[in-house]
Amino acid sequence: YWLGATDMTAIRPSRFVGTENRLQFISSSHQRVYKNFRESEYAKIVYEIRDDPNPDKFENTRLLVKVENTNAFDDLEKKETGVKIYPLLPGIKSFRFRYYRREREAQTGTWETVWDSSKNQTQGIYPDLIELTIEVASYNRLSFKGTYFFKPETPFHGLDSTL
């Protein structure tokens, strides 16, 4: 989740990793409650599609979950007590992320199906725009399709090196 220090400030930028059906990043939205508990104001966040354990689920659908790990500075990927899984949306029929990168010189952009802020072509940057296309089944044979666009809440091309 964390990259190496990039300049004299020794700030370690967080890593943003996205695929077509999974998104993972660091968030500063965790509320620390207990003083001596292994957690911080940061949390590792993962949004992903999983099999729905509910026996009353709709046929051929899955479940959107949010996984939150409050020990954001642990570099090892292991199961801990700080990991919580929140079921968000059942009935997922289709689900896809895409990531937009604006090319500053050409005033155009490209859509990518995979993003990793530690790779050469996207090193240290987040996507300029995230697209989510989703289809959800509901009761009474209803379904919903939609496309949503999100902007990451970080500077698009890293922190200003003059800070």
Side-chain angles (χ1 to χ4, degrees), residues 1-3 11-32 39-73 77 82-160:
Y1 279 87
W2 294 98
L3 299 174
I11 293 175
R12 295 176 65 199
S14 67
R15 192 170 159 205
F16 180 94
V17 179
T19 63
E20 284 190 354
N21 57 8
R22 188 172 200 233
L23 187 67
Q24 50 188 345
F25 56 93
I26 297 290
S27 172
S28 61
S29 63
H30 179 69
Q31 183 70 33
R32 187 174 181 175
E39 63 181 15
S40 71
E41 277 74 29
Y42 298 98
K44 296 177 190 176
I45 305 293
V46 177
Y47 288 98
E48 65 185 0
I49 300 297
R50 293 189 175 182
D51 290 329
D52 193 345
N54 185 353
D56 298 331
K57 71 175 185 171
F58 299 108
E59 188 175 327
N60 298 322
T61 63
R62 301 189 75 196
L63 174 68
L64 173 64
V65 298
K66 174 185 176 183
V67 181
E68 181 178 4
N69 183 348
T70 58
N71 190 2
F73 296 101
E77 294 293 326
V83 176
K84 294 186 175 119
I85 300 173
Y86 301 99
L88 298 177
L89 184 62
I92 304 288
K93 292 170 108 178
S94 67
F95 187 91
R96 186 182 72 160
F97 284 116
R98 288 194 318 159
Y99 311 94
Y100 182 77
R101 179 178 182 185
R102 188 178 79 180
E103 302 294 335
R104 299 216 186 279
E105 297 82 23
Q107 298 298 320
T108 61
T110 58
W111 285 100
E112 306 287 337
T113 56
V114 176
W115 191 281
D116 189 342
S117 59
S118 68
K119 301 296 181 193
N120 287 340
Q121 65 271 23
T122 55
Q123 187 166 8
I125 60 174
Y126 280 16
D128 294 312
L129 201 59
I130 302 168
E131 176 191 72
L132 169 62
T133 304
I134 189 170
E135 182 179 359
V136 182
S138 182
Y139 295 102
N140 298 327
R141 297 185 187 177
L142 297 175
S143 68
F144 173 80
K145 293 180 184 179
T147 301
Y148 300 93
F149 296 92
F150 304 94
K151 285 188 172 185
E153 294 181 2
T154 186
F156 293 139
H157 295 284
L159 294 172
D160 186 357

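Counting begins at 1 with the first residue of the sequence.
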Legend entry - Option from I134, N21, T61 for which side chain to side chain contact (heavy atoms under 4.5 Å, CB included) with I92 holds: I134
Legend entry - Step-by-step salt bridge (charged side-chain N to carboxylate O under 4.0 Å, His left out) determination, D128 to K151: CA-CA 6 Å; D128 294 312; K151 285 188 172 185; over 6 Å; no
Legend entry - Expected output: side-chain Y99 to main-chain T19 donor-acceptor under 3.5 Å: yes
Legend entry - Contact check, side chains of R50 and I85, non-hydrogen atoms, under 4.5 Å: yes
Inset, instruction - Quick one: pull up CG in L64 and OH in Y86 and give me the separation to the nearest 0.5 Å. - result: 14.5 Å
Legend entry - Heavy-atom donor-acceptor pair, N140 side chain to L142 backbone, under 3.5 Å: no
Inset, instruction - Give, for atom CD1 of I49 and atom CG of L63, the distance between the pair rounded to the nearest 0.5 Å. - result: 7.5 Å
Inset, instruction - Drop me the distance from Q24's CD to N69's CG, to the nearest 0.5 angstrom. - result: 11.5 Å
Legend entry - R22 versus F97, closest heavy-atom pair with distance: N-CD1, 4.0 Å
Legend entry - Y47 vs K66 side-chain heavy atoms within contact, under 4.5 Å: yes
Inset, instruction - For the residue pair S138 and F144, establish whether any side-chain heavy-atom pair is separated by less than 4.5 Å. - result: no
Inset, instruction - First locate atom CD1 of I130, then atom CD of E112, and finally report the distance between them rounded to the nearest 0.5 Å. - result: 13.0 Å
Legend entry - pair I45-E68: side-chain heavy atoms closer than 4.5 Å: yes
Inset, instruction - Locate the shortest heavy-atom distance separating F150 from L132; write the atom from each residue and the value. - result: CE1-CB, 4.0 Å
Legend entry - Heavy-atom side-chain contact between I26 and K44 under 4.5 Å: yes
Inset, instruction - Could you tell me whether the side chain of W115 reaches within less than 4.5 Å of the side chain of L23, counting heavy atoms only? - result: no
Legend entry - pair E48-V65: side-chain heavy atoms closer than 4.5 Å: yes
Legend entry - Heavy-atom check, side chain of Y100 versus side chain of E131, under 4.5 Å: no
Legend entry - CD-CZ distance between E20 and R96, expressed to the nearest 0.5 angstrom: 6.0 Å
